[in-house]
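Working notes, structure below.
So that the names make sense, note that chain A is the first sequence line, chain B the second, and so on, each numbered from 1. Since this is a predicted model, take the numbers as computed values, not measurements.
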Amino acid sequence: MNKVESYEEMFKRVQKKNEGAFVPFVVAGDPDFGTSLQIVQTLVNSGADALEIGFAFSDPIADGPTVQDADVRALDEGMTTDRGFEFIRRIREFTSIPIGLLVYYNLIYKRGVDRFYQEAHENGINAILSADLPPEEAEDAVKAAKKYGVDQIFLAAQTTTNQRLKKISEFSSGFTYLVSVMGVTGARKEVKTSTVDLIKRIREHNELPIMVGFGISQPEHVQEVILAGAEGAIVGSAIIDLIAENLQDKEKMMVEISKNAQKLKEATKM
Amino acid sequence: MIMDGKFGKYGGIFVPELLIPALEELESAFLKYKDHKKFNADLDFYLSEFAGRPTGMYYAKNLSEKLGCKIYLKREDMLHTGAHKINNTLGQGLLAQYMGKERLIAETGAGQHGIATAAVGAMLEMPVDVYMGSEDVERQKLNVFRMEVSGAQVIPVESGSRTLKDAINQAMRDWITNVDNTHYLIGSTMGPHPYPAMVKHFQTVIGKEARQQIMEKEGSLPDAVIACVGGGSNSIGIFSEFLDDKEVELIGAEGGGHGIESGNHGATLCAGTEGVLHGSLSYVLQDNDGQITEAHSVSAGLDYPGVGPEHSYLKTIGRARYEAITDDEALRAFQLLSKYEGIMPALESAHAIACMEKYAKQPENKGKTILVNLSGRGDKDMFLAAKLLGVEV
Ligand SMILES: Cc1ncc(COP(=O)(O)O)c(C=O)c1O
């Protein structure tokens, strides 16, 4: 495995080119281990600057139907935490760009927080975000993250008060994940205008780079949030929709994903 | 948050960031109104005039004679809409109104909590959306109709196992999306803080009345208090007033389904392990990776792979103990109480009756005073009971 690129290095790399980061999100093992790996390879070849990889969970309360279905497909194909880490190892055979893991907290808790973070680090994961782990409950996770040099990521939303933004900045490293919509994951037609204000507000409390996710589906959305000052855009459901739509035709699936990913990456260029 | 919402290490607020402000708002409203004079006067009014409190405590003389113990039944089955659920539903519904919320959402398994929420929504003139697993919608058509007659909209949930846990997931997603104007009226002592503490607060009325009633009738505390445990609200409600009386045994009856060995059960405390589900750390039914597994119980109200965090705490410190009652045992207890006392219990409550019977049959428990919380009535289960007993209706 080559040296893994850190988020800091990645943000510098894209900023030098006057771009924002394009970060696709997919669920490990969706629709099956091999195809999923091929999808990730396609995304990397199409300009992904970093990756968000999800471990499927039986009860994903922060996710809309698109990601729920992806979780079901992955679990039905026999994805486990062991195979999830194996998936990351296999990604590391072809890329060193940062990998952030999106995982519901019970998978971490059940394995043992310390052990989970150690294995995450050993398998080449840069950062961990648990959608259902606010800073209040994150003491063990933050400790383990520090111990193994993993970035702990937290969500920030329109509803997050300044006081909480401060707390989040104390606990996190790597980047802040800004939730652009009030709601669960899923492709939306437009980006909320208040996102711009929120980016400004976060900046006042937190020096970390900001990536915007939840609901970003079109190149115009990516452009909007990058212009609004975010360092990167995370696109999940819009890509997973392409997986779901092309389950019968893997070749077309890869072509569609590649085409769309390239457009989304183009949109980060200013 | 003002409190951390922990019972020992259990509980907490394991929710997406988007919900934190809503939980903070709810916690602060709960703390403000729980000792508020006008709020409590309003709640007391509705509990008595709308729901039918206080409920009686009935000395089950035939069963007592048969089993050689003194058996008292706390009659939550006499309440409007058929179960203790209405205590909590009225409390939270009123709180939502005080908070200026315009819309109620709820999850329901069998429909009991959905019906109670629909009734309170109609009474308080608030629109109600009830999430219900599509599997349950199919199994409980009559209850769907009951909710709809009261003006609630029942939304079938097609994801996951299409049962209660998935209905909760979907209700949480709705709440995440509509926190501004919506109150999520959770039906049991589960979920993130402040729900376990708040639902307990609204259900302690059971324990308060029961303690006073048993003292009046017996002049002493009962030897044991027994209640069924789904999410844990009727049990916490009645346990709450006896927690400090160490000599009173507290026993929770879980849905043992086809037996723990079968793997088909809802006995979370008896056979589960620690995990995080629906916002709190508690016992859950899960596999080695932490994927939540499906529960099974003949009674929909006990068919849940999680349990309220305070029960996990009471179990760990040894203050309460929990027993798994199988479907068959519950069904026999359903017949027993109907036949001997003329009271048809809900299948959930029948688990508590079966548990009581086992307790009473222990030689060392002869002559003891046992208080059973009869959480609900059996009307809703008649079709199912008939089917299970091989009777065509
Ligand atoms: C009659 C009755 N008893 C008990 C329960 C279980 O819930 P809890 O453990 O919260 O009391 C239910 C749930 O629907 C119920 O309807």
Hey, could you give me the [atom1]/[atom2] distance between [X] and [Y], rounded to the nearest 0.5 Å?
X	Y	atom1	atom2	result
B:W175	A:I61	CH2	CD1	10.5 Å
B:D289	A:T80	CG	OG1	5.0 Å
B:E17	A:Q158	CD	CD	12.0 Å
A:Y104	B:I292	OH	CD1	12.5 Å
B:S280	A:D132	OG	CG	11.0 Å
A:T160	B:I20	OG1	CD1	8.5 Å

[X], part contacting chain B, at a heavy-atom distance under 4.5 Å:
X	answer
A:Y109	side chain
A:D63	backbone
A:A56	backbone
A:P65	neither

List the atom of B:D287, the atom of A:K110, and the distance in Å for their closest heavy-atom pair. O-CE, 3.7 Å
Closest non-hydrogen contact found for A:P134 with B:F14 is CD-CA, 4.2 Å
Report the option among A:I108, A:T81, A:V72 that has the most heavy-atom pairs separated by less than 4.5 Å from atoms of chain B. A:T81
Using modelled atom types and a 3.5 Å cut-off, is there a donor and acceptor pairing between side-chain atoms of B:Q291 and backbone atoms of A:S58? yes
Side-chain donor or acceptor of A:E137 paired with backbone N/O of B:I13 under 3.5 Å: yes
Above 12 or not: heavy atoms from other molecules or residues under 6.0 Å from CD of B:E158? yes
Which of B:D174, B:N288, B:L19 touches chain A most, by non-hydrogen pairs under 4.5 Å: B:N288
Interface residue of largest heavy-atom contact number with chain A, from B:E274, B:K165, B:R173, under 4.5 Å: B:R173
Verdict with supporting geometry, A:T159 and B:L18, side-chain contact (heavy atoms from CB on, under 4.5 Å): CA-CA 6 Å; A:T159 49; B:L18 288 162; 4.2 Å; yes
Is it the backbone or the side chain of B:L277 that comes under 4.5 Å from a heavy atom of chain A, or both, or neither? side chain
